[in-house]
**Q** 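Could you have a look at this structure, given as structure tokens, before my questions?
Just so it is clear, the structure is predicted and the values come from calculations on it, not from any experiment. Protein chains get the first letters and strands the later ones, always in sequence-line order, with residue 1 at the start of each.
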Amino acid sequence: MLRFAPSPTGDMHIGNLRVAIFNYLVARQKGEKLLIRIEDTDKERNIEGKDREILDILNLFGIKYDKVVYQSSNFHIHQQMAKQLLEKEKSFVCFCDEEELNFQREKAKKEKRPYRYSGKCENITKEEAQKLIKEKKPFVVRIKKPSENIKFNDEIKGEFEFSPFEVDSFVILRADYTPTYNFACAIDDMIYDISLVIRGEDHLSNTPKQIHIRNSLGYDKEIKYAHLPIILNEEGKKLSKRENHASVRWLLEEGFLPQAIANYLILLGNSFEKEVFTLEEAVKFFDLKKISKAPAKFDMEKLKFLNKEHMKKIENISEYLGYHPRYEELLKIFRDESSTLKEIKEKFDKVFEKSDDKEYEQEREILKKEILEHPLEEEYDDFKKRLMKNTSLKGKKLFMSLRELLINQKHGAEIKDLYKAMKPYLKEIITKR
RNA sequence: GUCCCCAUCGUCUAGUGGUCUAGGAUACCGCCCUUUCACGGCGGCGACACGGGUUCGAAUCCCGUUGGGGACGCCA
């Protein structure tokens, strides 16, 4: 089984979504199930309703999953495991308070060495610990650092080896008895029998910790890992959640199609024979091992290009956008010259607004009168000839003002096509222009 | 600061010692199409970060420098 493990603490951003997509693709390729695990161990930071939003986005993108679990519902198991480690003396209770730890951190910084837990509480005797606990002194549980180096092979990045010093004696159970991320994650990956973990590269240094936890519990089945390079913004810095185009919601609101966004995120850091494809097509040729090891910059222009390509594939654009089917042909014209759904909508909505352009105001009035006084010709050429003859307008004055009369835009599609598409309701529009 | 990872056109990449005058896509520019704007067609600009090795031969292997990124929480 594979898993996608988001925390319900903020908006879904494209980095998360990419991880979800890759997990989905690989699960499909391997014929394994996909688990969605909501990592809600931090009560303080959980945001009500974010879990639902995440699942909605996954559904929207066509990422099918087999099961959803909340990490918090396994707290009793995590606590039991922590107890087990305590009994086996693979972990210890730690009474160091924030003040003490901050002091150690400051000290490490001053001495220009990385901060590690001092080991202060590691050798407290059981009796002493019992006594302090009875006195209601708050404590956490720390796992003892490993005795040997932790090695693993990353499917994308290759071999890694971490020393016990790097793994450190870290906290697995907080003072309120809830598990920390690494502990809950390591155990849940174990109990749901996860075969491969695909996640962002920011988790690389958590990996030896999680392996160490399972080792300490005596779990010896290997879990494979693949850490994806992160996505950078246009300036080459880490995409922060605050940046608009990092937010999936924002991209959707801007009129990017889910299938285009998915296409882009799969393409980023990859290369395939074809660049425009659907999620389902990608199942056939996606190769996790071929992903570039270097971080990739987000390129809005390429996304726009892909969005345009995917918009062309929409069969029934009026239905898709929720407009009356009589406007299908006109919407198709706008679709072919736009790069987002928002752009199509804006162009379309403008058609129904009153024109406020002064330049061709007079010409528009002349044309309007002429058009409304006579029945419309079947062919555009005949229509055009009549207008030229009866209004004696020509060139820009005729065509630009005519286009404005039709779609409230000086520039745009060929009038011939617009005429054909709009003929059934042309007079209606012009009357209100 | 310490540890780890990475490095080819502006951007995403192909490339695994000779086939590289470095290929594709996108972006940009030009031409064609077009009484406008786009689409489309054709063409153009444009990169192996730097310095040392190894080798008959290096974008490709090794070392260093530089630059970028990640991690260092009772966050995930």
**Q** Rounding to an integer number of angstrom, what distance separates B/rG53 and B/rC20 when you compare their P atoms?
**A** 28 Å

**Q** NA contact type, A/Gly158, heavy-atom cut-off 4.0 Å: base, sugar-phosphate, or nothing?
**A** nothing

**Q** Do you see a donor-acceptor pair shorter than 3.5 Å between the side chains of A/Tyr192 and A/Asn74?
**A** yes

**Q** Using the P atom on both, measure B/rA38 against B/rA27 and round to a whole Å.
**A** 13 Å

**Q** Verify the contact: side-chain N or O of A/Ser292 to OP1 or OP2 of B/rC6, cut-off strictly under 4.0 Å; return yes or no.
**A** no

**Q** Applying the Watson-Crick and G-U wobble criteria at under 3.5 Å, what pairs with B/rU11? Answer none if nothing qualifies.
**A** B/rA25

**Q** Quantified in whole Å, what is the P atom distance between nucleotide B/rA25 and nucleotide B/rG67?
**A** 35 Å

**Q** Using atom C1' in both nucleotides, what's the gap between B/rG18 and B/rU26 to the nearest angstrom?
**A** 31 Å

**Q** I want to check one thing: is the phosphate of B/rU8, taken as OP1 and OP2, less than 4.0 Å away from some side-chain N or O of A/Lys293?
**A** no

**Q** Given atom CE of A/Met400 and atom P of B/rU35, what is their separation to the nearest angstrom?
**A** 13 Å

**Q** Counting only Watson-Crick or G-U wobble pairs whose two distances fall under 3.5 Å, which nucleotide matches B/rU55?
**A** none

**Q** With rounding to the closest Å, how many angstrom separate the C1' atoms on B/rG57 and B/rG1?
**A** 43 Å

**Q** Mind checking A/Phe162 for me? I need base, sugar-phosphate or nothing, with any heavy atom below 4.0 Å counting as a touch.
**A** nothing

**Q** Determine the contact category for A/Val171: base if any of its heavy atoms lies under 4.0 Å from a base atom, sugar-phosphate if only primed atoms, P, OP1 or OP2 are that close, otherwise nothing.
**A** sugar-phosphate

**Q** For A/Phe170, is the NZ or CZ atom of A/Lys209 found under 6.0 angstrom from the centre of its six-membered ring and inside 45 degrees of the ring axis?
**A** yes

**Q** Within the 3.5 Å criterion, strictly below it, is a donor on A/Glu404 or A/Ser401 matched to an acceptor on the partner's side chain?
**A** no

**Q** Establish, yes or no, whether a centroid distance under 6.0 Å links the rings of A/Tyr65 and A/Phe4.
**A** no

**Q** Looking at every strand, decide which applies to A/Met300 at a 4.0 Å heavy-atom threshold: base, sugar-phosphate, or nothing.
**A** nothing

**Q** Would you classify A/Glu98 as touching base, sugar-phosphate or nothing, given that sugar-phosphate means primed atoms plus P, OP1 and OP2, and contacts are heavy atoms under 4.0 Å?
**A** nothing

**Q** Using a 4.0 Å heavy-atom cut-off, write out nucleotides 58-71 of chain B from 5' to 3' as B (base contacted by protein), S (sugar-phosphate only) or - (no contact).
**A** ----------SSSS

**Q** Under 4.0 angstrom, heavy atoms only, what part of the nucleic acid is A/Arg116 near: base, sugar-phosphate, or nothing?
**A** sugar-phosphate

**Q** Would you call B/rC39 syn or anti, using the 90° rule around 0?
**A** syn

**Q** Tell me whether the side-chain N or O atoms of A/Arg113 pair up with the base of B/rU2 as donor and acceptor below 3.5 Å, since no angle test is needed here.
**A** no

**Q** Can a salt bridge be assigned to the pair A/Arg386 and A/Glu377 using a cut-off of 4.0 Å between side-chain N and carboxylate O?
**A** yes

**Q** So what does A/Ala413 touch, heavy atoms closer than 4.0 Å: a base, only the sugar-phosphate, or nothing?
**A** base

**Q** For B/rG10 and B/rA49, measure between their C1' atoms and round to the nearest Å.
**A** 16 Å

**Q** Reading nucleotides 42-47 of chain B 5' to 3', which nucleotides get B (base under 4.0 Å from a protein heavy atom), which S (sugar-phosphate only), which -?
**A** ------

**Q** Is there a donor in the side chain of A/Gln104 and an acceptor in the side chain of A/Glu100, or the other way round, less than 3.5 Å apart?
**A** yes

**Q** Between A/Glu128 and A/Lys131, does any NZ, NE, NH1 or NH2 come within less than 4.0 Å of an OD or OE carboxylate oxygen?
**A** no

**Q** Do any side-chain nitrogens or oxygens of A/Lys302 fall under 4.0 Å of OP1 or OP2 in B/rU11?
**A** no

**Q** Considering every strand shown, what is the Watson-Crick or G-U wobble mate of B/rA71 when both distances are under 3.5 Å?
**A** B/rU2

**Q** State the pairing partner of B/rG17; accept Watson-Crick or G-U wobble contacts with both distances under 3.5 Å, and report none otherwise.
**A** none

**Q** Once the angle between the rings of A/Tyr225 and A/His227 is folded into 0 to 90°, is it parallel (under 30°), tilted (30 to 60°) or perpendicular (over 60°)?
**A** parallel

**Q** Contact class for A/Lys312 (heavy atom, under 4.0 Å): base, sugar-phosphate, or nothing?
**A** sugar-phosphate

**Q** With sugar-phosphate meaning primed atoms plus P, OP1 and OP2, does A/Thr41 contact a base, only sugar-phosphate, or nothing at under 4.0 Å between heavy atoms?
**A** sugar-phosphate

**Q** What nucleic acid atoms does A/Ala175 come within less than 4.0 Å of, heavy atoms only: base, sugar-phosphate, or nothing?
**A** base

**Q** Can you tell me how far P in B/rU2 sits from the matching atom in B/rC61, rounded to whole Å?
**A** 28 Å

**Q** Does the plane of the ring in A/Phe22 sit parallel, tilted or perpendicular to the ring in A/Phe286? Use 30° and 60° as the thresholds.
**A** tilted

**Q** Side chains of A/Gln210 and A/Asn182: do they bring a donor and an acceptor to under 3.5 Å?
**A** yes

**Q** What does A/Phe305 touch in the nucleic acid at a heavy-atom separation under 4.0 angstrom: a base, only the sugar-phosphate, or nothing?
**A** sugar-phosphate

**Q** Which word best sums up how the rings of A/Phe285 and A/Phe272 line up, parallel for under 30°, tilted for 30 to 60°, or perpendicular for over 60°?
**A** tilted

**Q** Given that A/Lys290 and A/Ser338 both sit by RNA chain B, which one's nearest nucleotide is further toward the 5' end?
**A** A/Lys290

**Q** If I take atom CG in residue A/Asp381 and atom P in nucleotide B/rU35, what distance separates them, rounded to the nearest angstrom?
**A** 11 Å

**Q** Expressed as a whole number of Å, how far does the C1' atom of B/rC42 sit from that of B/rA47?
**A** 24 Å

**Q** Please work out whether the ring planes of A/Tyr181 and A/His203 are parallel, tilted or perpendicular, with thresholds of 30° and 60°.
**A** tilted

**Q** With nearest nucleotide decided by heavy atoms, which residue, A/Asp42 or A/Lys410, maps closer to the 5′ end of RNA chain B?
**A** A/Lys410

